[in-house]
Trainee: 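Okay, handing you the structure first.
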Amino acid sequence: MDTKHNRRQRPPRIEWPTVLLAVFCYGVWLAAGLLLWPSYPVAALAVLALAVALQSSLVHEVLHGHPTRNALVNEAFVFLPVGLVWPFRRFKTLHLRHHADERLTDPFDDPESYYRALWQHEELPAAMKFLLRLNNTMAGRFVLGPWLATIGFVIDDFRQMLAGDRAVRKAWLLHAAGLAVVVPLIVWGFGMPLWLYVLVPMWLGQSLIAIRTFAEHQWSEHPGGRTIIVERSPLAFLFLNNNLHFVHHAKPAVAWYKLPRLFREDRETWLKANNGYVYPNYLALVKAYAFKAKEPVVHPVLRRAPEPGRAFQPRVRARNVSGLGTAPVPADPPKE
């Protein structure tokens, strides 16, 4: 009986809902550009933006080891970067480091933290401080967030490549190979100016994802209270149910289509475990924080002053969770 039970509990070799999702996502993107754009350009731009956002969510799903047990096969499902930025392997490395939940929101140890260290923030020019304050409102994150994140990411990666990081360089070379397919398709296949694609589908697609990421994490002394649960949203499919973000962080290997049932079956336990960091929907966040900063730019507790030896330092270079390439392993949390 135990053997049969264990067999039933094993994840399937191929998660067909995610395979079909990938086919749907790229199919919608192609149909919008090839068929819709010539006759209904405004509608095509809107659909392309939705496809870009959905592909971003699909990338997140794939980097967590879906839809197969083979990392190279999984990578092939999102090889074409219709969002133009964020090389898959770079996003994978950084996002898996972000899943060190004991370091969530740390300005140095968490690559996806929106907080800044006090001493670093004080060195910024006044104009940058102003932009960062705007970026901590929901409207600011929607409009400015994609550009601030992309520019900062590209500059940092360029510096790492100049310093000789081969893993970063390889990730960008693979990304360039994908762009060599996507960009000609946009310009000559769709007949769309690249600048227009950048300013509408790319920008708007990232902005839609920013609705989800705006409040995903906050500082809390209680580790469970650092990750949000948004119970209901018409955008849940676009986000692949990552509105239930606390559930995803607790069970990062669970496929996107299983998260809602997992939450419903033990809702009260989940809500208690995340210390009440719960919103009924994203509209509640918009009403509260459209033009008001939800969080301070400076981290309220961590990294208040320079502390030699406490910044992120990889302990070793190790195989990542999906077995493809290498990913830094976060250092042990510092002793207080």
Trainee: Apply side-chain contact (heavy atoms from CB on, under 4.5 Å) to residues I229 and W270 and explain how you reach the verdict.
Mentor: CA-CA 9 Å; I229 291 173; W270 287 113; 4.2 Å; yes

Trainee: Tell me every residue that passes side chain to side chain contact (heavy atoms under 4.5 Å, CB included) with P223, counting only those two or more places apart in sequence or in another chain.
Mentor: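 P223 satisfies side chain to side chain contact (heavy atoms under 4.5 Å, CB included) with R226 once adjacent residues are dropped.
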
Trainee: State whether R97 and E112 are salt-bridged, where the test is any N-O pair (Lys NZ or Arg NE/NH1/NH2 against Asp/Glu carboxylate O) under 4.0 Å.
Mentor: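 Salt bridge between R97 and E112, a charged N being under 4.0 Å from a carboxylate O: no.
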
Trainee: Return yes if some donor-acceptor pair links the side-chain N/O of Y26 with the main-chain N/O of L80 below 3.5 Å, else return no.
Mentor: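 The answer is yes, because a donor-acceptor pair under 3.5 Å joins these two groups.
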
Trainee: In terms of side-chain heavy atoms, does Y257 have a donor or acceptor partner in E15 at a distance below 3.5 Å?
Mentor: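 No, no side-chain donor-acceptor contact under 3.5 Å.
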
Trainee: Looking only at heavy atoms, what is the nearest atom pair of P38 and G33, with distance?
Mentor: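 Shortest heavy-atom contact: CD-O, 4.0 Å.
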
Trainee: Who passes side chain to side chain donor-acceptor pair (under 3.5 Å) against T18, sequence neighbours left out?
Mentor: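 Only W256 meet the side chain to side chain donor-acceptor pair (under 3.5 Å) criterion with T18.
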
Trainee: How close do C25 and A51 get, heavy atom to heavy atom, and via which atoms?
Mentor: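 Shortest heavy-atom separation between C25 and A51 comes out as SG-O, 3.6 Å.
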
Trainee: For R303, run the side chain to side chain contact (heavy atoms under 4.5 Å, CB included) check against D106, V298, L118 and tell me which one passes.
Mentor: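 Among D106, V298, L118, the one that satisfies the side chain to side chain contact (heavy atoms under 4.5 Å, CB included) with R303 is D106.
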
Trainee: Could you tell me if R103 sits above the aromatic ring of F108, with its cationic atom closer than 6.0 Å to the ring centre and no more than 45 degrees from the axis?
Mentor: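 Not flagged: R103 not positioned over aromatic ring of F108.
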
Trainee: Which residues satisfy the ring pair (Phe, Tyr, Trp, His ring centres under 6.0 Å) test with H99, sequence neighbours excluded?
Mentor: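 Scan of H99 (ring pair (Phe, Tyr, Trp, His ring centres under 6.0 Å), adjacent residues dropped) gives H64, H95, H248, H249.
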
Trainee: Quick one: side chains of residues 43-50, donor-acceptor pairs under 3.5 Å with protein atoms, not counting sequence neighbours, listed by atom name and distance.
Mentor:
none

Trainee: Are the side chains of K258 and K251 in contact, using a 4.5 Å heavy-atom criterion?
Mentor: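 Not touching, per the 4.5 Å side-chain cut-off.
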
Trainee: Using side chain to side chain contact (heavy atoms under 4.5 Å, CB included) as the criterion, list what pairs up with L283, not counting sequence neighbours.
Mentor: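 Result, side chain to side chain contact (heavy atoms under 4.5 Å, CB included) vs L283: N281, K287.
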
Trainee: Please check if W195 and W147 belong to a single hydrophobic cluster, counting links between Ile, Leu, Val, Met, Phe, Trp and Tyr side chain heavy atoms closer than 4.5 Å.
Mentor: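 Linked within one cluster.
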
Trainee: Which pairs, with at least one residue in residues 190-199 and sequence neighbours excluded, count as a salt bridge (Lys or Arg N to Asp or Glu O under 4.0 Å)?
Mentor: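 Not a single pair qualifies under salt bridge (Lys or Arg N to Asp or Glu O under 4.0 Å).
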
Trainee: H98 versus L104: any side-chain heavy-atom pair under 4.5 Å?
Mentor: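 Yes, at least one pair of side-chain atoms sits under 4.5 Å.
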
Trainee: Do D109 and E102 have side chains that approach each other closer than 4.5 Å (heavy atoms only, starting at C-beta)?
Mentor: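 Not touching, per the 4.5 Å side-chain cut-off.
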
Trainee: Under 4.5 Å between side-chain heavy atoms, counting indirect links through other Ile/Leu/Val/Met/Phe/Trp/Tyr residues: same cluster for V23 and L34 or not?
Mentor: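 Unlinked, V23 and L34 end up in two clusters.
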
Trainee: For G65 and N74, work out which heavy atoms get closest and say how close.
Mentor: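 Scanning both residues, the minimum pair turns out to be C-ND2, 3.6 Å.
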
Trainee: Taking all non-hydrogen atoms of both residues, which atom of H222 and which atom of A273 are closest, and how far apart?
Mentor: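 So the minimum-distance heavy-atom pair works out to CE1-O, 3.5 Å.
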
Trainee: Are any of the side-chain heavy atoms of D110 and Y115 separated by less than 4.5 Å?
Mentor: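 Of all side-chain heavy-atom pairs linking Y115 with D110, none is under 4.5 Å.
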
Trainee: With a 4.5 Å limit on heavy-atom distance, are the side chains of H60 and L240 in contact?
Mentor: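 In short, these two side chains do not touch, never coming nearer than 4.5 Å.
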
Trainee: Can you get from L262 to V230 by hopping between Ile, Leu, Val, Met, Phe, Trp and Tyr side chains that sit under 4.5 Å apart?
Mentor: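 Different clusters: L262 never reaches V230 through Ile, Leu, Val, Met, Phe, Trp or Tyr contacts under 4.5 Å.
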
Trainee: Quick one: does W203's side chain have a donor or acceptor within less than 3.5 Å of a partner on V143's backbone?
Mentor: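 Checked: pair present.
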
Trainee: Under the side chain to side chain donor-acceptor pair (under 3.5 Å) rule, collect the residues that match up with N275, sequence neighbours excluded.
Mentor: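 Partners of N275 under the side chain to side chain donor-acceptor pair (under 3.5 Å) test: none.
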
Trainee: With sequence neighbours excluded, tell me which residues meet side chain to side chain donor-acceptor pair (under 3.5 Å) with N274.
Mentor: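 Listed in chain order: nothing, the list is empty.
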
Trainee: Using the test ring pair (Phe, Tyr, Trp, His ring centres under 6.0 Å), find all partners of W37 that sit at least two apart in sequence or belong to another chain.
Mentor: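 W37 satisfies ring pair (Phe, Tyr, Trp, His ring centres under 6.0 Å) with no residue once adjacent residues are dropped.
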
Trainee: Are the aromatic rings of F153 and W86 close, with centres under 6.0 Å apart?
Mentor: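 Judged by ring-centre distance (under 6.0 Å), F153 and W86 do meet the cut-off.
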
Trainee: Does any donor atom in the side chain of H217 or S113 lie under 3.5 Å from an acceptor atom in the other side chain?
Mentor: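 Distance-only check fails for H217 and S113.
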
Trainee: How about N242 and S57: do any of their side-chain heavy atoms sit closer than 4.5 Å?
Mentor: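 A side-chain contact under 4.5 Å is absent here.
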
Trainee: Scan residues 224-243 for pairs that pass ring pair (Phe, Tyr, Trp, His ring centres under 6.0 Å), counting only residues two or more places apart or in two chains.
Mentor: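 Only F239-Y282 qualify under ring pair (Phe, Tyr, Trp, His ring centres under 6.0 Å).
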
Trainee: Look at the side-chain heavy atoms of Ile, Leu, Val, Met, Phe, Trp and Tyr, link any pair under 4.5 Å apart, and say whether L244 and I228 land in one connected group.
Mentor: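 As far as the 4.5 Å side-chain criterion goes, I228 and L244 are not connected within one cluster.
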
Trainee: For N136, run the side-chain hydrogen bond (donor to acceptor under 3.5 Å, both in side chains) check against R141, E295, K294, K292 and tell me which one passes.
Mentor: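 For N136, the side-chain hydrogen bond (donor to acceptor under 3.5 Å, both in side chains) test succeeds with only one of R141, E295, K294, K292, which is R141.
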
Trainee: Would you call E75 and K92 a salt bridge, using N to O less than 4.0 angstrom?
Mentor: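 Salt bridge flag = no for K92 with E75.
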
Trainee: For the atom pair CG (D165) and CZ (R90), what is the distance rounded to the nearest 0.5 Å?
Mentor: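 Here the interatomic distance stands at 7.0 Å.
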
Trainee: Heavy-atom count around K170 NZ within 6.0 Å, excluding the residue itself: above 12?
Mentor: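 Not more than 12 within 6.0 Å, no.
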
Trainee: Using the rule given for side-chain contact (heavy atoms from CB on, under 4.5 Å), can you reason through F246 versus E216, listing the C-alpha separation, both sets of side-chain angles and the distance that settles it, and then say yes or no?
Mentor: CA-CA 8 Å; F246 180 72; E216 273 185 345; over 6 Å; no

Trainee: Restricting to non-hydrogen atoms, name the atom on G205 and the atom on A53 that form the minimum distance, rounded to 0.1 Å.
Mentor: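 Heavy atoms only, the tightest pair is O-CB, 3.5 Å.
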
Trainee: Checking one residue: M128. Which other hydrophobic residues are in its cluster under the side-chain 4.5 Å linking rule?
Mentor: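 M128 clusters with L124, F130, L131, L132, L134, L144, L148, V297.
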
Trainee: Taking C-beta and beyond as the side chain, do W16 and P67 meet within less than 4.5 Å on heavy atoms?
Mentor: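 When only atoms from C-beta onward are counted, P67 and W16 do not touch, as no gap falls below 4.5 Å.
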
Trainee: Decide side-chain contact (heavy atoms from CB on, under 4.5 Å) for Y277 and L271; before the verdict, give the C-alpha distance in whole Å, the side-chain angles of both, and the deciding distance to 0.1 Å.
Mentor: CA-CA 8 Å; Y277 187 30; L271 298 185; over 6 Å; no

Trainee: Run V78 and E61 through side-chain contact (heavy atoms from CB on, under 4.5 Å) and show every step you take.
Mentor: CA-CA 10 Å; V78 291; E61 186 72 10; over 6 Å; no

Trainee: Distance-only criterion, 3.5 Å: show the donor-acceptor pairs between side-chain atoms of residues 172-194 and protein atoms not counting sequence neighbours.
Mentor:
{"residue": "W172", "atom": "NE1", "partner": "D157", "partner atom": "OD2", "Å": "2.8"}
{"residue": "H175", "atom": "NE2", "partner": "L84", "partner atom": "O", "Å": "2.7"}

Trainee: Using every non-hydrogen atom in the two residues, find where F263 and V247 come nearest and quote the distance to one decimal.
Mentor: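 Closest heavy-atom pair between F263 and V247: CD1-CG2, 4.0 Å.
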
Trainee: Is it true that Y40 and V52 fall in one hydrophobic cluster, defined by side-chain heavy atoms closer than 4.5 Å?
Mentor: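 Shared cluster, yes.
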
Trainee: Between K272 and E268, is there a side-chain N and carboxylate O pair less than 4.0 Å apart?
Mentor: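 Salt bridge between K272 and E268, a charged N being under 4.0 Å from a carboxylate O: no.
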
Trainee: In Å and rounded to the nearest 0.5 Å, what is the CG to CZ distance from L72 to F79?
Mentor: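 One finds 11.5 Å between CG of L72 and CZ of F79.
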
Trainee: Taking side chain as C-beta onward, heavy atoms only, is W219 less than 4.5 Å from H299?
Mentor: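 Touching, per the 4.5 Å side-chain cut-off.
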
